[in-house]
Amino acid sequence: MARRCQVTGKGPLVGYNVSHAHNKTKKRQLPNLRTVRVTLEDGTRKKIKVAASTLRTMRKKAAEAQADLA
């Protein structure tokens with residue numbers, strides 16, 4: 001399965017490791033994916049892969065929404 005966030009679509013980035021002698025070797029920077037269980041509107045639960053930064057934002061938005069209700 002692809003290393004991609006299923007919410008935002010964040011995926012791997014490509015860059016270089018650069019040594020002191022300025023030799024360049026390719027490297028991949030993978031997103032920090034976490035598997036989380038989400039309850040859907042029909043009551044079923046599903047596992048999805050979400051980037052840690054996205055998960056943080058989702059929790060922040062949920063906390064703000066609950067604060068607005070109170």
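The stretch residues 29-41 participates, sequence neighbours left out, in these side-chain hydrogen bond (donor to acceptor under 3.5 Å, both in side chains) pairs: Asn32-Arg34.
Looking at residues two or more places apart in sequence or on another chain, you find a side-chain contact (heavy atoms from CB on, under 4.5 Å) between Lys60 and Glu64. Listed by chain and residue number, Arg3, Pro12, Leu30 satisfy the side-chain contact (heavy atoms from CB on, under 4.5 Å) test with Arg28 (two or more places apart in sequence, or in another chain). For Asn23, there are no side chain to side chain donor-acceptor pair (under 3.5 Å) partners, not counting sequence neighbours. Residues meeting the side chain to side chain donor-acceptor pair (under 3.5 Å) test with Thr57, sequence neighbours left out: none. The side-chain contact (heavy atoms from CB on, under 4.5 Å) test applied to Gln66 returns no partner, not counting sequence neighbours. In this structure, the side-chain contact (heavy atoms from CB on, under 4.5 Å) partners of Asp42, at least two apart in sequence or on a different chain, are Leu40, Thr44.
A continuous path of ILVMFWY side-chain contacts below 4.5 Å connects Leu55 to Ile48, so both sit in one hydrophobic cluster. Put simply, Val36 and Val7 are part of the same group of oily side chains (I, L, V, M, F, W, Y) that touch within less than 4.5 Å, one to the next.
Atom NZ of Lys49 and atom OG1 of Thr54 lie 14.5 Å apart (nearest 0.5 Å).
The hydrophobic cluster containing Tyr16, built from Ile/Leu/Val/Met/Phe/Trp/Tyr side-chain heavy atoms closer than 4.5 Å, also comprises Val18.
For the pair Lys10 and Pro31, the tightest heavy-atom approach, listed with the atom from each and the gap, is O-CG, 4.1 Å. Here the shortest heavy-atom pairing between Ala51 and Cys5 reads N-SG, 3.4 Å.
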